[in-house]
Amino acid sequence: MYIEDTIAAISTPQGEGGIGIVRVSGSLAEAIGLRLFRFCTGAAFASHFLHYGAVVAPDDDAVLDEAMAVLMRAPRSYTREDVLELHCHGGMLVVERVLTAVLACGARLAEPGEFSRRAFVNGRIDLVQAEAVMDVIAAKTEASLALAQRQRAGALSERIETIRRALTRSLAFVEASIDFPEDDIGETDTVALRSGVSDALDDIGGLLAGFDEGRILREGISVLIVGKPNAGKSSLLNRLLKENRAIVTHVPGTTRDIIEETVNLGGLAVRLLDTAGIRHTDDVVEREGINRALGKIPLADLVLFVLDSARPFSDEDRLILDAVQGKTTIVVLNKSDLPPVIDLPPTVGEMPRVALSAGTGTGIDDLREAIRTTFLHGSALDSREFVAISRVRHRDALASARSALHRFLSGLGEGRELETLAIDLRDALSAVGQVTGETTTDDILDVVFSSFCIGK
Amino acid sequence: MHCYETIYDVIVVGAGHAGCEAALAAARMGCSTLLLTINLDAVALMSCNPAIGGLAKGHLVKEIDALGGEMARNIDATGIQFRILNTRKGPAVRASRAQADKQLYRLRMKRILEQQDNLYLKQGEVTGLYLEGEELRGVDTRSGIRFLGKTVILTTGTFMRGLIHIGLTNYPGGRAGDLPSVGLSDQLGHLGFQVGRLKTGTPARLDGRTIDFSRLEPQYGDDPPAPFSFSTERITMPQVPCHIAYTNPRSHEIIRSGLDRSPLYAGVIEGIGPRYCPSIEDKVVRFPDKERHQTFIEPEGLETVEVYPSGMSTSLPIDIQIPFYRSIEGLERVEIMRPAYAIEYDYVDPIQLRASLETKLIRNLYHAGQINGTSGYEEAAGQGLMAGINAALRVKGREPLVLGRSEAYIGVMIDDLVTLGTKEPYRMFTSRAEYRLLLREDNADMRLREKGHDVGLVRDELFGHFLRKREMVAAEYERICSGRLAMNDREQEFLALHGLGDIQKGTSLEHLLRRPEITYKELAEFDDVSRETPPEVREQVEIQVKYRGYIERQLDQVERARKLEGTPLPEGMDYFSVNGLTTEVREKLAKNRPDTLGQASRIPGVTPAAISVLSIALKAKGGKQSGQEAGPEEM
C-alpha cells in the first residue's frame, strides 16, 4: 500500500455505458495527460476546463478514442492532488485500453477506495462525508472479495499458486544460502535457480497471452460488419441474429446508422455492428454514416469484410481493404449461391476467408466457427483446463512480476550478489501475491527448513 | 514478607543476556536499578553454544553496540576466535561471529555490572509480581523479601517452570545445575497473559583430552580478528581454532535405535522446539537420505578441556548419547562431561506487548528475551537493551524509543514479535528484514549511534568519534562525486592498465568506482587522497556507490511505507463496528491489536482493501475524538 505515487482507475461502472471515465490522481497526472491527450485546439491544460481531443497510445501515438479531458490541479480536486479525468466512449474495451495507456505512463492501478482514502488523508472530505463514503467503499470491498473468492476457487488461482510456489522455492534457496553459510547445504545451485525461474516465467507468459482471451470470454467481442452497399451486410447480420432487426433493402445506402446486436456464438458473446455501406458518395448524410463505419474499425475486435462474390472487386472494396489493413479481419464472400465473378487482389493475402450465402444460410456455420477460432484458439471453451486472466489488475501484476524475473535472470547471468537477486525475486513474489495473496517470510522459511538440514 | 526499604526505578528479573543489557541500560541512563538472579555465579552465562554472532545475529550485536549496549565489547574482550561470514557475498549479508571463552565472558560481564553506578546485583528467585490493585509495585522473592520498584523487566529465559529431559528421565530445572522459577508464570497466567510452552536443547559437553583432533579438520579464525564493537581498536585475546567433524550412517543407526526412548517422539515433551536448531534425532528422522551431518567442535574456553559439538543437541537417554558421540570419527574414546538435554519452559505470547516491550495488560511491566518466545543470546540482548531503555524513559517521563523496520534488525524483531506473536522459538534471519540492504553491520553506527546518544547511553566522547566519521564519509562522498579525471599521464596509464579505454575525460571518480572491477584499492593507484582515506570511511563510501541503485530502491519503499507506519491505531478500537471489514480481518485485528496501520498491514490476511477501510475509519474517528489525544506519558 503506497500513498504518494500516482494512481489510476476506471471510475465509471463496468459494462456498456454512454461514457467511461479513467481517473488519475497524483503528481504524474498532468504529465500523463500531456503525453496521452491530443488537444483539438491548444496544447496545454487549463485547470478545471473540459478539453476536446483524442487519447493516443503511448508507444505509437495511435488514436485510442475520441475523448474529453479535464485536469484539476491540486488542491482544488477530489483528492487534493492533481487529478486528470479522461472521458471516453463507454464500453470496457476502450476504457481498459485507455487505462492501460495511463498505467504504461507510470501510474499504478488504484486499490479499492484509494481515491477516497487520499481525499481523507489530504483533508479534503469532512466527517459527514467520510461516513457516507465509507459505506460505498465497504460495498466495493465486499464485491471485490466475492470476486476474489470466486477466482480463488478456480483454476486461475491454481496456476498462479504453482507460480508462487516455484518462486517461493527459488527464493528459499537464495535465502538459505545467505542465512546459513555455516550449514552444510552446499553452494547455490544457479542452474536449478535459473530453470525454476524460467519455468515460472513461461507460466506467467502463458497467462499474459491468455489475458485477451480471458477478457473476451468475460466481456465478449465486438464484430464490425463492413462492405460496400448491397454486399449483403444486413442480410448477414440478420442471418446471424436469426431475426429481422436491421432494415434490409436493395436500395444502396439505406443502413445509415450503426446497428448493434448481441448474439451468443457457442458461449462467446459477440456484439455485431452493422454499418452504412461504404462507397464514394457526395450525399452528406450517407458520407457521415460511412465515416462512422470506417472510424469504428479500430474499436472493433474483429472486422467482417463482406464482399459480393457475384460482382467484380471494385474501387469501393479496395477503399475498405485499405482501411482494414492490420486489423483482425475475416473476408466474407457472400452470395456463394450465385456464380463467382470476384477476383481477389493479392493484398487480401493471409486473411481468413469464408464463402457463404446470407440469403440461404449456406456456410453460416463456417463463419461462426471462423469467428470462434480466431479468438479462442481451438478448444478453449470446451476445455475445463482453460485458464485465463481477465482483469487489467491481474495483467498489471503479472507483467510486473515478469519484468522482475527478467531482471533476476540477467543479474544471475552477470553474477550479481545474491542479496540483490533476492530483491528481484521478492518483487516478483509480491506482484504475483497481488493476484492470489501474499507470501510471508514464514512461508519462505518453511521451505528453507523443509528443504535443507539447517542447524548447527 | 519483608519489604526492603529502597524503592528502585527499575527492577530487572534475571541476569542472562537480556537482563544484563536491560540493567546496564537503565543504570547508565541514571535510574536506580536492581538486578535479581537465581544464581549470582551464572550471570551472563552462555547456557548453550559458546559463541556470539552469525548471520543477522552479528547485525543485532553491532546494533546493540551502536545504541550503547555491552554485548559487543564483552565478546571483544573475551573472544577466542573471530570470523566474518559470507565474505564472498555483498556487504549487507556479511556478518561477524566469535567464539567466547565462556567463563571469561560471564566474569567480565559480572565485573561490568558490579562497577556500574546505580546498579545493585542481588541473588533471589522471584516468585511473583507485587501489585496493589492493578498497579505494579515490585516483586516478591522465595526468600521472603519484597523489592519495590517503579518498573519491572522480566527476563526469565528458560527458567519459568523449566523441565529438563534426558531420555525419559526428567526433572525441574532452569538450566542443568540451576533451580527453576516456580510460581511466577502461574501468576502471569492468572493476570490474563497467554502462557505457552517452548522447548530447546543443548548438546553434551565433551572432554577435549579424549578427542583425536589430528583426525579433524581445523578451522581458524580471521587474521587479524575484526572486533564487533565500533569502539574496540583490536582484539588482544589469544586465538584458537574450532574443528570440523561428521556423523556417519552408523551414528544415525544408533540414534534411530534410541528413538523409542526420545521424550520428543514418545510425546513426553509438549513444548514446541525451534525448526532451525533441530536435535540430531530430528535431523536423522527428517533427512533420512543425508549420510552425514557436520559438527563444529567449539572450545568452551582457554583454561578448560570442555568442548561443545555444535548441531549435536539431543534429548536421547545417556546410554544412546555415549555410543552416538563415540561413533563420530576422531571421537571414538570421547568422555562426556555434561550430558546433552532438552529443556521445556514457559513463555508469554509477545502479541500482548507494545512495541516498547511494555505489556499491554500491566503498565510499567516489560518482557524481554526468551519469555517473549525468542531464542539466542543476541535476540535476548537486543530486547533487553530496548526494555531497559524504555523502562528508564518511562521513569523519566519520556516517550519510548521504538526502532522501525527500516532502521534496525532490533526493530524488525520486536515488530515481528508484537505484531504476529510466535508459536515456536523466534530467531533472527536476514530474510526477515524487507530492507535488508539498508540494515548492514557496517552502518549500524550510522543508523543508531545518534539514538543511543539521545537517550543517554552513548557517551559524548564516543559520539564525537562517530560524528567525525560521519562528516568524513559525507565529505569523501562529495569529493569523489565532484572530482573528475583530467586525463593526466598517471590517469591514462591507470585506465590503460585496467582496460578502461572507454572512460572519457571529465568522468567522476564516483562513476569510476561504480565499475564492478574498481574499488578504493584501485583508485589509490593514481589518487593520493583515496590512498589516505581511512578504511572505515572508504568502506562506507564504496558501499554507497556500489549498492546505490538498490539502496535507493529500498529507501523509496521505506518512504512510501512511512505514512502507514506513522499512523497509530487507537488502543480501544472496536474493529467489529468498522463497516466494510470482513469477519476474518476483524477477528485478526481484534486478536493482534496492532499499534499502527503499518503493523496491521503485516498481519497475514489483512488485505490492502482492509487497510484502506481502516484508514478511512480512523479519519472519521480521529476527527470526533480530537482533543483526547494523550500527551507525553506520565508515571
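All values derive from a computational prediction rather than experimental measurement. Here is how names work: the chains are called A, B, and so on, in the same order as the sequence lines, proteins then strands, and each is numbered from 1.
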Practice item. With a 4.5 angstrom heavy-atom cut-off, could you sort out which part of B:Arg432 is near chain A: side chain, backbone, both or neither? Key: both

Point to revise | Approximate separation, where rounding is to 0.5 Å, of A:Asp179 CG and B:Lys57 NZ | key: 11.0 Å

Point to revise | Heavy-atom pair of closest approach, residues B:Arg436 and A:Ala422 | key: NH2-CB, 3.3 Å

Review point. How close do B:Leu85 and A:Pro181 get, heavy atom to heavy atom, and via which atoms?
Key: CB-CG, 4.2 Å

Point to revise | With sequence neighbours excluded, residues passing side chain to side chain donor-acceptor pair (under 3.5 Å) with B:Asp282 | key: B:Tyr265

Check your understanding: Relative to chain A, which of B:Ile280, B:Leu55, B:Val93 shows the most heavy atom pairs under 4.5 Å?
Key -> B:Leu55

**Study point:** Gap separating the CD1 atom of A:Ile423 from the CD atom of B:Gln557, nearest 0.5 angstrom
**Key:** 7.0 Å

Check your understanding: Just wondering, do A:Arg416 and B:Tyr550 contact through their side chains at under 4.5 Å, heavy atoms?
Key -> yes

Exercise for review: Between chain B and each of A:Leu418, A:Val174, A:Thr420, count heavy-atom pairs under 4.5 Å; write down the option with the most.
Suggested key: A:Thr420

Point to revise | B:Glu291 CD: over 12 foreign heavy atoms closer than 6.0 Å | key: no

Check your understanding: For B:Glu434, is it the side chain, the backbone, both or neither that has a heavy atom under 4.5 Å from a heavy atom of chain A?
Key -> neither

**Study point:** Non-neighbouring partners of A:Ser25 that pass side chain to side chain donor-acceptor pair (under 3.5 Å), sequence neighbours left out
**Key:** A:Thr79, A:Glu81

Study note, to complete from the structure: Bottom line for A:Glu419: the part with an atom under 4.5 Å from chain B's heavy atoms is both

Review point. Which answer fits B:Gln219, side chain, backbone, both or neither, if we ask what part of it has an atom under 4.5 Å from a heavy atom of chain A?
Key: side chain

Review point. With a 4.5 angstrom heavy-atom cut-off, which part of B:Ser431 approaches chain A: side chain, backbone, both or neither?
Key: both

Revision key, fill the gap. The interface call for B:Lys290 against chain A, heavy-atom contacts under 4.5 Å, is side chain

Point to revise | N/O donor-acceptor pair under 3.5 Å between B:Gln294 side chain and A:Glu182 backbone | key: yes

